[in-house]
Asks: 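Here it is: the structure, laid out below.
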Amino acid sequence: MLSIAAMGGAAAKAYYEVANNENRRDEYYSSSAHAPGQWAGGGAAQLGLSGDIQAADFRAIANGYLPGGEAGVQNAGKDDRRAGWDLTLSAPKSVSIAAAVGDETVKQAVTQAHEQAVGTALESIQREAGITRRGHGGSVQERADLVISQFRHMTSREGDPPLHTHNFVHNLAMRSDGTTGTTESR
């Protein structure tokens, strides 16, 4: 199942940065039951972002800045800026239960299948929604590579076993000419 939620800058930072807060082991995103956040998408790779998500990089991208501190979009740093969209892909309940109560072989197989399904979904999202605008009033649309922060979880905040992955699509994308722009949300 896919659920989508638009996130403003402050909400996204508050919601996701908990993943990197070593002092709060009780938090949803830093629990030992969850894998560390990972960068995904061609745009992340072009920006040199790979592997575990660092809070400073997440904060910069969510605010519309490149990892080196340069503005990546026209409205970088503005309080009313849309940081991106949380695309949560959830496994069916029966699959989540199998991952929760199965032996290590079952858990690994289910998790691997979930990750493959998430990868396939993100390829489709890139193909269909990887668009940015430029020109007066954003009149010119063009293809762009998305910058995505992924957080895979085996449980909910309540401790239930819904296997799911938050794919935060940042409102900053890489154009083919190496420039950056906002992600077309229409």
Side-chain angles (χ1 to χ4, degrees), residues 1-9 11-13 15-20 28-29 31 33-54 57-58 61-62 72-73 82-100 102 105-133 141-158 160-176 180-186:
M1 178 177 78
L2 170 65
S3 62
I4 301 172
M7 303 284 280
K13 288 178 284 188
Y15 193 66
Y16 289 98
E17 282 186 355
V18 174
N20 296 295
Y28 180 55
Y29 286 99
S31 165
H34 306 302
Q38 299 287 311
W39 289 107
Q46 290 176 54
L47 290 171
L49 300 170
S50 63
D52 292 355
I53 295 171
Q54 302 302 313
D57 292 330
F58 182 92
I61 300 297
V73 296
R82 174 167 290 156
W85 301 265
D86 178 6
L87 282 60
T88 304
L89 292 160
S90 303
K93 190 66 152 183
S94 59
V95 172
S96 296
I97 291 171
T105 302
V106 170
K107 182 177 180 176
Q108 287 179 350
V110 170
T111 301
Q112 183 178 25
H114 174 75
E115 288 176 355
Q116 288 175 342
V118 168
T120 299
L122 290 180
E123 288 172 9
S124 179
I125 290 165
Q126 170 62 58
R127 193 173 46 253
E128 300 299 323
I131 300 170
T132 187
R133 298 177 297 140
Q141 292 187 352
E142 61 186 87
R143 300 311 256 153
D145 289 328
L146 300 174
V147 177
I148 303 169
S149 298
Q150 290 187 307
F151 300 91
R152 180 175 42 89
H153 301 135
M154 300 297 287
T155 61
S156 70
R157 293 176 195 272
E158 291 79 31
D160 294 333
L163 173 59
H164 63 286
T165 302
H166 293 271
N167 301 280
F168 188 76
V169 178
H170 290 270
N171 193 11
L172 187 149
M174 291 295 300
R175 298 178 179 128
S176 61
T180 56
T182 57
T183 305
E184 169 59 80
S185 62
R186 290 182 259 178

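These numbers come from a predicted model, not from an experiment.
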Asks: What are the two closest heavy atoms between T88 and H164, and how far apart are they?
Replies: CG2-CD2, 3.9 Å
Asks: I'd like to check the side chain to side chain contact (heavy atoms under 4.5 Å, CB included) partners of Q141; sequence neighbours left out, ordered by chain and number.
Replies: I131, R133, E184
Asks: Among residues at least two apart in sequence or on other chains, which ones pass side chain to side chain contact (heavy atoms under 4.5 Å, CB included) with A99?
Replies: V110, M154
Asks: Please report the interatomic distance CG(D86) to CD1(I4), rounded to the nearest 0.5 Å.
Replies: 9.5 Å
Asks: Using distance only, find each side-chain donor-acceptor pair of residues 112-122 under 3.5 Å and give its atom names and separation, not counting sequence neighbours.
Replies:
{"residue": "H114", "atom": "NE2", "partner": "T165", "partner atom": "OG1", "Å": "2.8"}
{"residue": "E115", "atom": "OE2", "partner": "R152", "partner atom": "NE", "Å": "2.9"}
{"residue": "E115", "atom": "OE2", "partner": "R152", "partner atom": "NH2", "Å": "3.2"}
{"residue": "T120", "atom": "OG1", "partner": "Q116", "partner atom": "O", "Å": "3.1"}

Asks: With under 30° as parallel and over 60° as perpendicular, where do the rings of H153 and F151 fit, or are they tilted in between?
Replies: parallel
Asks: Quick check: closest heavy atoms across G43 and V147, and the distance to 0.1 Å?
Replies: C-CG2, 3.6 Å
Asks: Between L47 and I61, is any pair of side-chain heavy atoms under 4.5 Å apart?
Replies: yes
Asks: Between W85 and N167, is any pair of side-chain heavy atoms under 4.5 Å apart?
Replies: no
Asks: The criterion is side chain to side chain contact (heavy atoms under 4.5 Å, CB included); which residues satisfy it with S176, sequence neighbours excluded?
Replies: none
Asks: Please enumerate all residues that pass side chain to side chain contact (heavy atoms under 4.5 Å, CB included) together with D57, with sequence neighbours excluded.
Replies: W39, L49, Q54, P67
Asks: What I'd like to find out is whether the side chain of P92 reaches to under 4.5 Å of the side chain of M1, using heavy atoms alone.
Replies: no
Asks: Which heavy atom of A91 sits nearest to which heavy atom of S96, and what is that distance?
Replies: O-OG, 3.7 Å
Asks: Under the side chain to side chain donor-acceptor pair (under 3.5 Å) test, which residues partner D52, sequence neighbours left out?
Replies: Q38
Asks: Taking all atoms of both residues into account, what is the closest heavy-atom pair of I148 and G41, and its distance?
Replies: CD1-CA, 4.4 Å
Asks: Ignoring hydrogens and geometry, is there a side-chain-to-backbone donor-acceptor pair from S149 to H170 under 3.5 Å?
Replies: no
Asks: Restricting to non-hydrogen atoms, name the atom on N171 and the atom on V73 that form the minimum distance, rounded to 0.1 Å.
Replies: O-CG1, 4.1 Å
Asks: Parallel, tilted or perpendicular: which one describes the rings of F168 and F58, with boundaries at 30° and 60°?
Replies: tilted
Asks: Any side-chain heavy atom of I125 sitting closer than 4.5 Å to one from L146?
Replies: yes
Asks: Would you compute the distance between atom CZ of R175 and atom CG of D145 and round it to the nearest 0.5 angstrom?
Replies: 12.5 Å
Asks: At their closest point, which heavy atom of T132 faces which heavy atom of G181, and how far apart are they?
Replies: OG1-C, 3.6 Å
Asks: Using modelled atom types only, decide if a donor and an acceptor are shared between the side chain of R82 and the backbone of G8 within a distance under 3.5 Å.
Replies: no
